[in-house]
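These notes concern the structure reproduced below.
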Amino acid sequence: MEKVVPVDEQTLVIINEKLKDVDVAVSSCMSYIRRVQDIPFNQLSARCSGVSGIMWKRYMQPSYHKMRPLHVVAAYSWLTMVPMPSFYRGLAIKESYRGMDEEAVAAMIHCGILPKKQYNLLLEH
């Protein structure tokens, strides 16, 4: 059996400092991806039962200070086909695609929602 080692106060302070702005980063990135993919809130609520359009709007507001459930972020990642770790970069998601301009980054984000047949056609040409 593994021994559980308690986390010291200094480590907790470092973790809390690094995670301080994670809510703002996640909401900003979710909102950016929604705008790029042009997904209306009613479509999000129709595709993800249990989360209303009003809640989607709240989750995408940086000023919303209540918890954004991890399962909602995971569902959004699945719906948009954008990897979850990208959300933690916030608007710095563009750094994932270094060397590309705004339009190329938007195109990469759009690729995630293309049907397989269309995606393969793009690769062929």
Side-chain angles (χ1 to χ4, degrees):
M1 186 155 109
E2 272 187 52
K3 182 179 177 183
V4 176
V5 180
V7 179
D8 61 28
E9 284 297 318
Q10 184 180 5
T11 304
L12 286 175
V13 169
I14 292 168
I15 291 170
N16 284 334
E17 186 64 30
K18 289 184 184 257
L19 295 178
K20 183 172 64 174
D21 298 323
V22 75
D23 279 338
V24 172
V26 169
S27 64
S28 300
C29 189
M30 287 174 70
S31 181
Y32 172 74
I33 290 167
R34 189 192 71 78
R35 286 190 314 272
V36 168
Q37 292 185 355
D38 196 27
I39 304 171
F41 289 107
N42 61 352
Q43 184 181 357
L44 283 173
S45 61
R47 294 199 56 206
C48 190
S49 64
V51 183
S52 68
I54 292 169
M55 283 311 297
W56 280 115
K57 286 179 185 178
R58 287 181 184 162
Y59 290 148
M60 292 186 197
Q61 289 296 320
S63 61
Y64 183 71
H65 294 292
K66 294 186 179 176
M67 182 175 64
R68 285 168 186 81
L70 189 57
H71 67 277
V72 172
V73 178
Y76 190 72
S77 172
W78 179 79
L79 288 171
T80 60
M81 300 312 290
V82 174
M84 253 179 90
S86 299
F87 297 131
Y88 298 106
R89 292 180 184 261
L91 292 178
I93 185 176
K94 299 167 192 168
E95 291 177 17
S96 298
Y97 306 102
R98 275 205 183 142
M100 294 184 178
D101 62 11
E102 286 278 329
E103 290 176 5
V105 171
M108 291 297 294
I109 291 172
H110 274 291
C111 284
I113 58 171
L114 283 176
K116 186 177 179 181
K117 188 175 182 180
Q118 287 178 326
Y119 183 76
N120 288 333
L121 281 172
L122 284 173
L123 291 177
E124 290 174 11
H125 297 295

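No experiment lies behind these values; they were computed from the predicted model shown.
Residues Arg34 and Leu44 share a closest heavy-atom pair of CD-CD1, 4.1 Å. Here the closest non-hydrogen pair linking Val82 and Ser77 is O-OG, 2.6 Å. Looking at every heavy atom in both residues, Gly53 comes nearest to Ser45 through N-CB, 3.5 Å. Here the closest non-hydrogen pair linking Ser86 and Cys29 is O-SG, 3.6 Å. Nearest heavy-atom pair across Pro6 and Val4 is CD-O, 3.7 Å. Closest of all the heavy-atom pairs between Val73 and Met30 is CG2-SD, 4.4 Å.
With Asp21 contributing its side chain and Val24 its backbone, the two residues share no donor-acceptor pair below 3.5 Å.
Using a 4.5 Å heavy-atom cutoff, the side chains of Tyr59 and Val26 are not in contact. Leu70 is listed as a side-chain neighbour of Met84, based on a closest heavy-atom distance under 4.5 Å.
Taking OG of Ser63 as the reference point, atom CZ of Arg58 lies at 10.5 Å (rounded to 0.5 Å). The distance from atom OG of Ser31 to atom CD of Gln61, rounded to the nearest 0.5 Å, is 7.0 Å. Separating the NE2 atom in His71 from the CH2 atom in Trp78 is a distance of 14.5 Å, to the nearest 0.5 Å. With values rounded to the nearest 0.5 angstrom, Arg47 atom CZ is found 10.5 Å from Trp56 atom CH2.
For Arg68, the salt bridge (Lys or Arg N to Asp or Glu O under 4.0 Å) criterion is met by Asp23, not counting sequence neighbours.
Other residues, nucleotides and ligands contribute only 12 or fewer heavy atoms inside 6.0 Å of the CD1 atom of Ile54.
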Ring pair (Phe, Tyr, Trp, His ring centres under 6.0 Å) evaluation trace for Tyr76 with Phe87
CA-CA 10 Å; Tyr76 190 72; Phe87 297 131; 5.7 Å; yes

